[in-house]
Amino acid sequence: MKLILTTAVDHLGAPGEIVEVKDGYARNYLLPRGLAIVATPGAEKQILAIQRAQADRAIRDAEHAQEVKEALEALENVKVAVKTAESGKLFGSVTAADIVAAIEQAGGPKIDKHTIAMSKGHIKKVGDYNVTVELAQDVKASVPVVVEAE
């Protein structure tokens with residue numbers, strides 16, 4: 001069955017790629033989880049939208065990585081508001097996607113959530129944290145993030 005991947009799938013491909021897989025794998029795994037769509041002529045528009053979104057977040061070269069690093073390190077008000085208990089413990093946790101959304105809300109550049117490197121996994125308490133963004137092999141930015149109660 002011919003499919004178009006909507007997200008990256010290990011050992012298969014990247015978003016926007018057209019792949020040929022067995023029917024059972026497509027029907028039982030990829031399609032129900034929203035990882036792919038059936039390749040139709042109308043689906044080509046979706047491929048273009050996915051590729052445009054990737055291009056917005058992609059780091060093109062070392063100079064672009066330095067520019068993004070400077071923009072990230074210039075940010076001051078990166079705040080994530082979450083629901084908490086009275087003790088300061090979060091209901092849930094702060095993920096890389098939450099941090100990417102907070103960076104964009106603070107006026108920062110669009111980045112991919114996979115570039116966020118959090119030292120201890122997800123953040124589970126209110127406080128100040130330094131989050132590392134790995135833009136390129138040798139280019140890393142440190143972004144101060146404040147997790148606060150709503």
Side-chain angles (χ1 to χ4, degrees), residues 1-84 90-124 129-148 150:
M1 180 180 282
K2 240 181 184 177
L3 299 174
I4 301 169
L5 297 177
T6 56
T7 59
V9 179
D10 290 339
H11 308 293
L12 193 57
E17 287 185 22
I18 297 175
V19 294
E20 184 79 30
V21 296
K22 292 188 177 184
D23 291 349
Y25 184 54
R27 282 193 311 265
N28 297 326
Y29 184 74
L30 296 173
L31 294 173
R33 287 176 173 76
L35 301 175
I37 57 173
V38 178
T40 61
E44 188 174 321
K45 291 180 183 176
Q46 289 182 335
I47 290 176
L48 294 174
I50 291 169
Q51 289 173 342
R52 262 187 259 126
Q54 278 182 320
D56 285 347
R57 294 187 305 256
I59 302 298
R60 292 180 281 284
D61 55 14
E63 283 183 26
H64 184 245
Q66 279 299 121
E67 290 173 13
V68 173
K69 176 184 176 181
E70 291 170 6
L72 286 172
E73 290 180 345
L75 292 176
E76 294 178 7
N77 296 328
V78 180
K79 294 181 182 178
V80 180
V82 291
K83 292 184 179 180
T84 61
L90 307 182
F91 293 129
S93 61
V94 176
T95 62
D98 297 331
I99 292 173
V100 168
I103 288 172
E104 288 181 18
Q105 189 176 18
K110 290 183 180 181
I111 56 173
D112 189 17
K113 70 179 181 179
H114 299 300
T115 61
I116 303 288
M118 299 191 324
S119 60
K120 297 178 184 174
H122 302 300
I123 298 171
K124 298 185 185 229
Y129 296 91
N130 275 330
V131 176
T132 303
V133 181
E134 297 174 356
L135 299 168
Q137 187 174 2
D138 296 332
V139 182
K140 295 179 183 179
S142 180
V143 180
V145 176
V146 177
V147 178
E148 59 188 14
E150 274 187 339

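Note that this is a predicted model, so its numbers are computed, not measured.
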Euclidean distance, Gln105 CD relative to Leu75 CG, rounded to 0.5 Å: 12.0 Å

Look up atom CD in Glu20 and atom CE in Met1, then write down how far apart they are to the nearest 0.5 Å. 9.0 Å

What pairs meet the ring-ring contact (aromatic ring centres under 6.0 Å, His included) rule with one or both residues in residues 13-51, with sequence neighbours excluded? Tyr25-Tyr29

Calculate, to the nearest 0.5 Å, the distance between atoms OG1 and CG belonging to Thr84 and Leu90 respectively. 7.0 Å

Nearest 0.5 angstrom please: Leu5 CG to Ile47 CD1, how far? 9.5 Å

Glu76 atom CD, over 12 foreign heavy atoms within 6.0 Å: no

Does Thr6 use its side chain to pair, donor to acceptor, with the backbone of Ile37 at less than 3.5 Å? no

Which distance, rounded to the nearest 0.5 Å, do you find between the CG of Asp98 and the CD1 of Ile103? 11.0 Å

Residues in side chain to side chain donor-acceptor pair (under 3.5 Å) with Thr7, at least two apart? none

Do the side chains of Pro144 and Asn130 get nearer than 4.5 Å, heavy atoms only? yes

So, taking the atom named NE2 in His114 and the one named CD in Glu134, what distance separates them when rounded to the nearest 0.5 Å? 13.0 Å

Let me know which of Val68, Val100, Thr132, Val133 forms a side chain to side chain contact (heavy atoms under 4.5 Å, CB included) with Thr115. Val133

For Leu3, which of Leu12, Val21, Val9 qualifies under side chain to side chain contact (heavy atoms under 4.5 Å, CB included)? Val21

Can you find a pair of side-chain heavy atoms, one from Val19 and one from Leu30, that are under 4.5 Å apart? no

Name of the residue among Val143, Ile123, Val147 meeting side chain to side chain contact (heavy atoms under 4.5 Å, CB included) with Ile99: Ile123

For Ala102 and Val78 the tightest heavy-atom approach is CB-CG1, 3.9 Å

For Pro32 versus Ala26, what's the shortest heavy-atom pair and its separation? CD-O, 3.8 Å

Of all heavy-atom pairs between Ile4 and Ala43, which one has the smallest distance, and what is that distance? CD1-CB, 3.4 Å

Taking every non-hydrogen atom, the tightest pair across Lys69 and Lys140: CE-O, 3.3 Å

Can you give me the closest heavy-atom contact between Leu135 and Ala65, atom names plus distance? CD1-O, 3.5 Å

